[in-house]
Amino acid sequence: MPTDATDATSAPRIPAKPTIDGVEATWVDAWEDERTYRFDDSAPRERVFSIDTPPPTVSGSLHMGSVFGYVQTDALARYRRMTGWELFYPMGWDDNGLPTERRVQTYFGVRCDPSLPYDPDFQPPDEPGKDDIPISRPNFIALCHQLTAEDELTFEALWRRLGLSVDWTRGYATIDDRSRRASQRMFLRNLSRHEAYSSEAPTLWDVDYQTAVAQAEMEDRERPGAYHRLRFDDLEIETTRPELVAACVALVAHPDDERFSARFGDTVRTPLFGVEVPIVAHELADPEKGTGIAMICTFGDVTDVVWWRELALPTRSIVTRSGRIAETPPPGVPDGPAWQAIAGTTVKAAQRTMVELLTASGDLIGEPRPITHPVKFYERGDRPLEIVTSRQWFIRNGGRDEPLRRELLQRGREVRWHPPYMHVRFDNWVNGLNGDWLVSRQRYFGVPVPVWYPVGRDGEADHGAPIVPEESRLPIDPTTDVPDGYEAAQRGQPGGFTGDPDVMDTWATSSLTPQIACGWEDDPALFAATFPMDLRPQGPEIIRTWLFSTVLRSHFEHHTLPWRDTSINGWILDPDRKKMSKSKGNVITPMPLVEEFGSDAVRYWACNGRPGTDTALDTGIMKIGRRLAIKILNASKFALGRLGDGPAPGVDLVSEPLDRALLAKLAAVVTAATTAFEEFDYARALEGTETFFWSFCDDYVELVKTRAYGGEDDTTPADSARATLALALSVQLRLLAPFLPFVTEEVWRWWQMGSIHRAPWPTGAEFAEHRTGDPSVLEVAADVLAAVRRAKTTEKRSMRSGVAELTVSGPAATLAAVDAARRDIVDAGGVEALELVEAAEFSVVSRLAQPD
RNA sequence: GGGCGUAUAGCUCAGUUGGUUAGAGCAGCUGGCUUACAACCAGCAGGCCGGGGGUUCGAGUCCCUCUGCGCCCACCA
């Protein structure tokens, strides 16, 4: 507990019964009161270490996977702070986008209808009703803000309790004014430099969410399907999508395929519809698949899009944005009975209908052959993506632009990756891009695309000449705001204007977290002091989205990397070694574990996971962390309890060889931990420190225990032990502080001024070179002590029982080391007589005293 | 179909340029209330380092190959 008044010269104030229970609440409050983690914005850039913290998605529930990475980053941050860096360590919230929309819809029972006007008096019902209440986009967004604000408080409380040393005054949310302003400003600059453009083109479309989807948000899922063999006059093709026969525009085979080369240029008629389609050649056609000749539809899959574009084929789209077949057939397709049978039905129903009709007409050959094949899904969606034609906004990303691709690959090489092999994921992604970044979404709770379009005399919007706002007006909502030079009444009128109805992809804003956090254009001084940032910590699964898009936009705007280093954390696996994810239902929430084991113990578990390495959730590791925290309390109680009432002893009192040996070994631990941290390897730093700490407790403290009690005329040996205990404890507490911030702070405040987390990281200079000695003195003494313990255990005697005669044999150097620690060995082992015998081999013989 | 990672004690994991007898914790077993700590302490036992081949005086470590697991990517005929 913190003392009410601290005096540097007074004796340590040690609780009679130290405990780690309740330390979180005490120090969370104290750190807030003392502004321990507050960023000093007067610090020059060369002293600032800035961290581009991942903004968590607040509408999801927290799980241990989140805790894992954030704690590891916090350990790195704490190390940097102690080595003298001024930490710029903000926390943002990712609250824009679909997850929030879904939650608001179900929580309040509303749905967004952008055609409605804003209602300033709208209040959501106490309980969601049977039917969703349609509300305007501004009203809907207000509810999103309201709910995310509540979620964010829950998140912040957990992060604070886990001891994240972020500066909570530097927060942002990806939907707040700053973020929307930055996002819209960057979009407009991309637009002015032709890095952003709009285009009417076939795009992957989620029929449930009613929005376009980017490549980065898609995933393949293995789904059952079936090959249907269909007759096109004398040719046969195989398809998994017979419902798209009406959308067929050609058949395609490989140019070198001799089975079909004579037919290129011919036409055949589609079954049921009788539409004449050409037979064409393209190298993407795979002679091995199906019958070697395939039907091209507009559009069944992304290969169809390639064929359609490169072979300049006509368009016969039949699937609408709602996932149903259109009511009227596309040009050239007869509105006959076949069409009438499928018009307006869902894609699934249309497939059944077509199979029946094709069977009846004899155009379906044999039975459909069941297969399992990968189908593209929106990562949050439940139905396969369709391809529809729509106008969308894109940002160039090198997907169809070789020079830009090379520049971005070069940026990837400039980043320092931790661990280094994560770099290949970046390269794989960039090399696999097959189109520009589709950033527009037909959704509501996001950052609006900040443009309007003039409406011509004919009432049609002119998408080729968007009206852009002055940057000083940002953020804007073009569906409610009016462009300069127009009146509100001209919205949608001939000769007037219309606002772009879309919002941007959530990554279009998240890709700007460095700019948002660092105050780009809003706070030039802060930006100069913090950007480019130093570290981007994140998970491996969003290298293709968050990391890549952040590099891209910084490259366009600043011609630099957004940060120098990136640390990629591993996955959390559940105890059965399955990846933890909500969809699998194996998510474990952190709070119960924090309450059971304590924050330091949970942090210990997280910091045990190697950088980039998948780690199983293991409460056994947390138990060890808890044990370590308690051990720190007790060992500190002992070490500090020996100091007495005098002033804290200095390193110049260290005189005994055993004490100097300890400091020599400790100095090596400091060096190793520092090196590990410099390489972003918190786990190695922890491991070395922890190992040393346990040997410190088990061997060194046991050896000097008696000497440290003092009580002799010559106080030199006792003073040396006390000084060493004090120094070793101070150093070890600081080495452990990044991992166990609560218990180390607790102990630190028993005897030191200020927070341990603002104390200097230990360095070799503290050991005053001449006070360190030969490490073998401690190593040999510990070996002898272990041999004595072994003898007592073998004889099933108490550790307190005496040794009548102890004989140590070995080379002269070993015996000299024993002799240097003679007194401590005798005290710790309860030895009555210690004999040293020179011999080639080291051995220890203990003759135990007779029991009383 | 490509790419990356990974495989070490019953369990969870270390093992940094190749170098004594491969380490730790947990679990197990045997003991001990020892004035810092019984939520503790001491000790013991436990391993063809996934299989096979190669380089080397020497391989858990480097190379090849196979197998299992995880992740990422890929063009749905």
Side-chain angles (χ1 to χ4, degrees), chain A residues 14 17-20 219-221 223 225 227-228 230 237-241 244 251-252 284-286 289-297 300-307 371 373-377 384-385 387 419 421-425 427-429 431-432 434 540-541 543-544 570-571 573 575 577-579 605 608-610 612-621 623-624 626-628 630-642 672 675-676 679 681 683-684 687-688 690-691 694 697-698 701-702 705 709 785-786 788-801 830:
Chain A
I14 307 168
K17 194 76 183 162
T19 174
I20 62 168
E219 62 186 29
D220 284 357
R221 297 183 197 163
R223 282 297 135 115
Y227 281 129
H228 302 75
L230 305 186
I237 62 104
E238 286 200 322
T239 181
T240 56
R241 302 201 63 179
L244 295 182
L251 299 190
V252 65
L284 278 182
D286 183 353
K289 273 192 183 173
T291 58
I293 186 163
M295 74 171 179
I296 302 176
C297 306
D301 63 32
V302 292
T303 315
D304 283 341
V305 178
V306 174
W307 283 326
I371 54 154
H373 63 161
V375 178
K376 287 208 183 308
F377 280 74
L385 293 170
I387 297 175
Y421 62 79
M422 290 294 181
H423 179 199
V424 301
R425 300 200 184 200
D427 283 355
N428 283 350
W429 175 251
N431 284 320
N434 54 30
E541 79 284 10
I543 289 174
R544 66 176 184 165
W571 287 111
L573 310 173
R577 304 206 62 78
K578 293 280 186 321
K579 182 185 150 190
W605 161 79
N608 248 284
R610 255 56 193 174
T613 302
D614 296 348
T615 302
L617 182 68
D618 185 351
T619 55
I621 305 286
K623 272 186 200 161
I624 299 165
R626 183 175 174 85
R627 212 172 61 113
L628 174 63
I630 293 169
K631 190 76 174 178
I632 289 168
L633 281 183
N634 287 317
S636 302
K637 178 184 169 190
F638 172 78
L640 297 177
R642 302 281 68 75
T675 303
E679 291 164 3
D681 192 345
R684 185 185 296 280
E687 186 185 30
E690 183 194 10
T691 302
W694 281 102
C697 292
D698 295 344
V701 170
E702 291 301 324
K705 192 179 265 181
Y709 274 104
L785 185 59
V788 170
R789 287 170 176 156
R790 197 175 302 119
K792 292 177 181 177
T793 299
T794 306
E795 296 293 318
K796 303 195 173 181
R797 301 277 287 276
S798 157
M799 283 300 123
R800 212 166 44 165
S801 56

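A, B, ... follow the sequence lines: proteins, then strands. Residue 1 opens every chain. Just so it is clear, the model here is predicted, and its values are computed rather than measured.
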Hey, is the side chain of [X] poking within less than 4.0 Å of OP1 or OP2 on [N], counting only N and O atoms?
{"X": "A/Lys796", "N": "B/G31", "result": "yes"}
{"X": "A/Arg627", "N": "B/C26", "result": "yes"}
{"X": "A/Lys289", "N": "B/C75", "result": "no"}
{"X": "A/Tyr709", "N": "B/A36", "result": "yes"}

Across all strands, who's sitting opposite B/C4 as a Watson-Crick or G-U wobble pair, both distances under 3.5 Å?
B/G70

Is there a Watson-Crick or G-U wobble partner for B/C76 with both distances under 3.5 Å, and which nucleotide is it?
none

Roughly, in whole Å, what's the span from [atom1] in [X] to [atom2] in [N]?
{"X": "A/Asp301", "N": "B/C75", "atom1": "CG", "atom2": "P", "value": "9 Å"}
{"X": "A/Glu541", "N": "B/G3", "atom1": "CD", "atom2": "P", "value": "23 Å"}
{"X": "A/Lys623", "N": "B/A39", "atom1": "NZ", "atom2": "P", "value": "14 Å"}
{"X": "A/Leu628", "N": "B/A39", "atom1": "CG", "atom2": "P", "value": "18 Å"}
{"X": "A/Arg544", "N": "B/C72", "atom1": "CZ", "atom2": "P", "value": "8 Å"}
{"X": "A/Lys705", "N": "B/C41", "atom1": "NZ", "atom2": "P", "value": "11 Å"}

Using atom [atom1] in both nucleotides, what's the gap between [N] and [M] to the nearest angstrom?
{"N": "B/C13", "M": "B/C75", "atom1": "P", "value": "34 Å"}
{"N": "B/G46", "M": "B/A9", "atom1": "P", "value": "15 Å"}
{"N": "B/A74", "M": "B/A27", "atom1": "C1'", "value": "44 Å"}

Tell me, with the steps shown, if A/Asp286 and A/Lys289 meet salt bridge (charged side-chain N to carboxylate O under 4.0 Å, His left out).
CA-CA 6 Å; A/Asp286 183 353; A/Lys289 273 192 183 173; 5.1 Å; no

When you look at A/Glu690 and A/Lys631, which way does the salt bridge (charged side-chain N to carboxylate O under 4.0 Å, His left out) test go after all the steps?
CA-CA 11 Å; A/Glu690 183 194 10; A/Lys631 190 76 174 178; over 6 Å; no

Heavy-atom nearest nucleotide on RNA chain B taken for A/Val252 and for A/Trp694; more 5' hit belongs to A/Trp694

Contact class for A/Met799 vs. all strands (heavy atom < 4.0 Å): base, sugar-phosphate, or nothing?
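A/Met799: base contact, heavy atoms under 4.0 Å.
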
Heavy atoms only, 4.0 Å cut-off, all strands: where does A/Glu690 land among base, sugar-phosphate and nothing?
nothing

